[in-house]
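Single-structure report; data block below.
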Amino acid sequence: MTATLTPPAAGPAASVRAGSVPRRRTRLLALPEVRWAAAATALFLLALPLQLAGAPAWIWGPLYALSYATGGWEPGWEGLKALRDRTLDVDLLMVVAALGAASIGQVMDGALLIVIFATSGALEALATARTADSVRGLLDLAPATATRIAADGSEQTLPVDELAVGDTVLVRPGESIGADGRVLHGASEVDQASITGEPLPAAKGPGDEVFAGTLNGTGALRVRVERDASDTVIARIVRMVEEASETKAPTQLFIEKVEQRYSLGMVAATLAVFGVPLAFGEAFSEALLRAMTFMIVASPCAVVLATMPPLLSAIANAGRHGVLVKSAVAMERLGQIDAVALDKTGTLTEGTPRVVDVRTLPERGLDEADLLTLAAAAEHPSEHPLARAVVDAARERGLDLPAAEDFTSSPGIGVRAVVGGRTVEVGAPARLLAEPEPEPGAEAEVEVEVEVESECAADADADAGGDTDGVVAALARELEESGRTAVLVVVDGTPAGVLGIADRLRPDAAATVAALTVLTGTAPTLLTGDNPRAAAHLAAEAGIEDVRAGLLPQDKVGAVRELECAGYRVMVVGDGVNDAPALAAAHIGVAMGRAGSDLALETADAVIVRDELAAVPATVALSRRARELVVQNLVIAGVFIAGLVVWDLAGTLPLPLGVAGHEGSTVLVSLNGLRLLRDAAWKRAAAEGTG
């Protein structure tokens with residue numbers, strides 16, 4: 001018997017209305033395997049007491065026949081279809097064994113085999129469906145309908161699937177957002193815990209991005225749809241999870257190949273067990289009964305089921321805790337890693353630059369609040385990440401920002417604006433002081449940090465601007481040595497102060513690095529495109545010694561290949577477009593879901609949806625636990641098969657006992673694998689993942 005992760009049977013669509021808690025659970029009788037097994041069991045339980053009470057065979061015989069039909073027709077039909085494709089299915093062998101038992105007068109024993117076999121299949125189908133329920137319960141979040149605003153201002157309620165890119169939707173207070181888009185009008189707080197894992201609602205206003213399935217707060221929002229319903233964050237995650245049902249781990253594929261040869265060998269052995277004793281004078285009925293018993297107990301059902309239940313259960317459990325593993329292959333590979341390569345920005349760090357230092361020049365007569373107010377007012381019209389960091393810092397301090405006039409932005413240099421009658425410039429220190437002509441092709445991609453070390457050093461050496469320029473260069477160099485990005489503020493042509501901006505280390509980064517070191521036996525490597533000084537400073541905070549900075553995407557791939565050539569199985573954890581090649585090249589790739597690029601999310605084998613870095617070692621530990629259960633199951637199945645076969649060949653194994661032993665081992669390995677569905681399994685993995 002084999003199982004795949006299939007969608008739950010379609011019942012009445014459980015539309016997830018705005019603000020409701022989604023819950024999708026497959027009904028027991030919605031599964032055909034459960035219905036047929038229940039019917040077969042009921043018929044068997046009706047026939048058995050009649051037979052034991054001595055009732056005529058014409059009364060209980062038809063009931064047994066119906067039990068054979070209801071419990072055995074589906075596996076028999078599937079087995080015949082497999083036989084047509086020249087594949088021998090163990091399900092067909094079980095049905096043949098039951099019919100063989102009936103042919104020699106063991107009608108009750110054959111019916112018992114059918115009932116136990118059908119019940120085992122029903123339990124397997126139910127466990128598989130509940131696994132799918134567990135995963136989809138995390139993802140089935142988007143509302144069924146949305147309110148679209150027409151060009152004339154009228155409102156229309158329609159299914160979210162009918163929304164098109166460019167439509168404007170109205171999200172009322174307390175409603176779930178129906179599409180990925182950007183706020184056009186209104187202000188509110190949105191609970192994004194289902195997508196980002198943020199414990200507090202995020203403030204949203206014009207220009208902010210919102211996601212389908214997140215819950216609006218007390219304000220009304222008008223949102224422009226920017227993604228089709230099939231391409232929202234939720235939809236992409238659903239597709240990732242559904243891929244888990246279409247792939248099988250290497251161990252499973254190996255077992256299925258062995259199953260074919262094993263089944264053919266088992267048929268040959270069954271014929272021998274029947275023919276050899278018959279040739280030496282054993283009674284036909286006894287030889288046939290021994291052969292049928294041998295076929296049943298030697299069937300590899302338990303071996304086939306040893307692999308997938310633990311891996312699928314681990315996938316479901318991880319999914320409930322915000323880690324979406326795309327396939328059983330990926331879940332198995334997570335437990336094989338012995339080296340880890342981590343990206344910096346957005347992975348070890350939060351991915352959002354923040355102002356952490358405000359240094360004023362006393363001779364200018366400005367305090368920290370004045371300096372930050374002028375800088376934030378000048379930066380307010382800019383869309384640059386560092387500009388947003390300055391503006392956010394001013395807002396966090398409750399500063400009122402005056403309007404900026406005559407705003408201009410010079411790529412690679414900074415911004416200029418008139419604030420309260422003063423000309424304010426904000427940008428890279430060396431560029432604002434010297435303003436050299438930009439070199440051809442100098443507009444390189446910048447993530448968070450801006451490398452100005454060499455420029456500041458040159459400026460300090462030249463000391464072209466006198467003592468003030470030297471002080472500015474010294475401040476900038478001091479900030480850079482502590483891992484900051486230096487931003488100079490110039491007021492009316494004279495330097496007024498320097499801001500230090502940095503991307504903050506995730507609170508759980510150091511603990512995660514330590515846990516991965518314990519799990520793999522190798523300290524993680526930092527791979528980043530940022531400047532070496534900033535990378536080294538952050539790596540020291542996180543506890544990483546192997547730092548490789550200033551890397552282009554192809555350089556990251558080269559670093560992964562180098563580790564693999566040294567004999568390591570490498571896991572890469574990243575979030576950006578520049579991480580995608582390394583994610584694809586690694587033994588296993590893991591993407592951070594909150595700010596992860598589409599390319600990184602599609603390339604990675606697993607996605608940390610809630611952006612909790614500590615979930616990485618927990619998932620690795622869970623995968624290793626799943627691999628342990630696979631080995632346990634293979635041992636259990638092998639011991640049962642070997643013991644029952646020896647009993648049948650060396651002695652006389654009663655058919656009912658052989659059936660109970662065979663099906664019992666099948667149920668046992670299934671239940672053993674399903675242990676990983678429990679929350680306790682994740683808690684144990686998380687404890688191991690914290691070292």
Side-chain angles (χ1 to χ4, degrees), residues 182-188 202-209 222 224 352-438 442-443 446-450 452 455 465 468-469 472 475-476 479 484-503:
R182 201 164 295 276
V183 177
L184 293 177
H185 180 73
S188 185
K204 298 293 181 180
D208 290 332
E209 187 176 19
R222 292 199 178 198
R224 182 180 65 245
T352 303
R354 298 174 183 274
V355 174
V356 293
D357 288 288
V358 180
R359 305 288 184 87
T360 62
L361 298 179
E363 59 270 20
R364 292 295 295 153
L366 297 176
D367 59 19
E368 291 186 4
D370 294 334
L371 182 69
L372 193 56
T373 298
L374 293 174
E379 291 275 28
H380 189 268
S382 175
E383 291 296 325
H384 194 281
L386 298 183
R388 291 198 293 270
V390 175
V391 174
D392 289 344
R395 287 175 173 169
E396 288 173 2
R397 297 192 182 197
L399 302 177
D400 294 327
L401 302 185
E405 301 175 351
D406 300 329
F407 173 83
T408 59
S409 177
S410 301
I413 298 177
V415 301
R416 181 194 301 256
V418 176
V419 179
R422 294 180 172 184
T423 301
V424 181
E425 299 170 89
V426 185
R431 296 297 179 91
L432 288 182
L433 292 175
E435 293 192 7
E437 291 296 325
E443 295 181 6
V446 178
E447 287 185 26
V448 176
E449 285 80 12
V450 179
V452 295
E455 297 161 350
T468 301
D469 291 355
V472 170
L475 283 175
L479 291 173
R484 310 316 195 216
T485 294
V487 175
L488 175 63
V489 182
V490 177
V491 179
D492 292 332
T494 304
V498 181
L499 307 179
I501 299 178
D503 186 8

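Just so it is clear, the values below take in all heavy atoms, side chains as well, and ignore hydrogens, waters and symmetry mates. Only a predicted model underlies this, so the values are computations on that prediction, with no experimental measurement involved.
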Check your understanding: For V183, does its backbone N or O pair with a side-chain atom of K204 as donor and acceptor, under 3.5 Å?
Key -> no

Review point. Is the backbone N or O of G207 less than 3.5 Å from a side-chain atom of R182, with the two atoms forming a donor-acceptor pair by type?
Key: yes

Review point. Does the side chain of T423 come within less than 4.5 Å of V491's, by heavy atoms?
Key: no

Review point. Quick one: are P495 and V489 in side-chain contact, heavy atoms under 4.5 Å?
Key: no

Practice item. Determine, for E368 against R359, whether the closest basic-nitrogen to carboxylate-oxygen distance falls under 4.0 angstrom. Key: no

Check your understanding: Of all heavy-atom pairs between A417 and A404, which one has the smallest distance, and what is that distance?
Key -> CB-CB, 4.0 Å

**Study point:** Check against side-chain contact (heavy atoms from CB on, under 4.5 Å), V358 and R397
**Key:** CA-CA 12 Å; V358 180; R397 297 192 182 197; 3.7 Å; yes

Exercise for review: Under the side-chain contact (heavy atoms from CB on, under 4.5 Å) rule, what do L479 and D357 come out as? Steps first, then yes or no, please.
Suggested key: CA-CA 8 Å; L479 291 173; D357 288 288; 3.8 Å; yes

Check your understanding: Should L372 and E396 count as side-chain neighbours, where that means a heavy-atom distance under 4.5 Å?
Key -> no

Check your understanding: Do T360 and D367 have side chains that get closer than 4.5 Å, going by heavy atoms?
Key -> no

Review point. Heavy-atom distance under 4.5 Å between the side chains of L499 and L371, does that happen here?
Key: yes

Exercise for review: First locate atom CZ of R388, then atom CD1 of I501, and finally report the distance between them rounded to the nearest 0.5 Å.
Suggested key: 11.5 Å

**Study point:** Heavy-atom side-chain proximity of V487 to V498 below 4.5 angstrom
**Key:** no

Review point. What is the minimum heavy-atom distance between A378 and V415, and which atoms define it?
Key: O-CG2, 4.0 Å

Point to revise | Non-hydrogen side-chain atoms of D392 and R354 separated by less than 4.5 Å | key: no

Revision key, fill the gap. Of all heavy-atom pairs linking A376 and L401, the shortest is CB-CD2, 3.7 Å

Exercise for review: Determine the minimum heavy-atom distance between L366 and A496, stating which atoms define it.
Suggested key: CD1-CB, 3.9 Å

Point to revise | Partner of L374 under side-chain contact (heavy atoms from CB on, under 4.5 Å), chosen from V490, V426, V419 | key: V419

Check your understanding: So which heavy atom on A389 is nearest to which on V355, and how close?
Key -> O-CG2, 3.7 Å

Review point. About how many Å separate CZ of R224 and CG of L184, when rounded to the nearest 0.5 Å?
Key: 5.0 Å

Practice item. Check the surroundings of atom CZ in R422: do more than 12 heavy atoms from other residues, nucleotides or ligands lie under 6.0 Å from it? Key: no

Exercise for review: Specify the closest pair of heavy atoms between P429 and V472, including all atoms of both residues, with the distance to one decimal.
Suggested key: CB-CG1, 4.3 Å

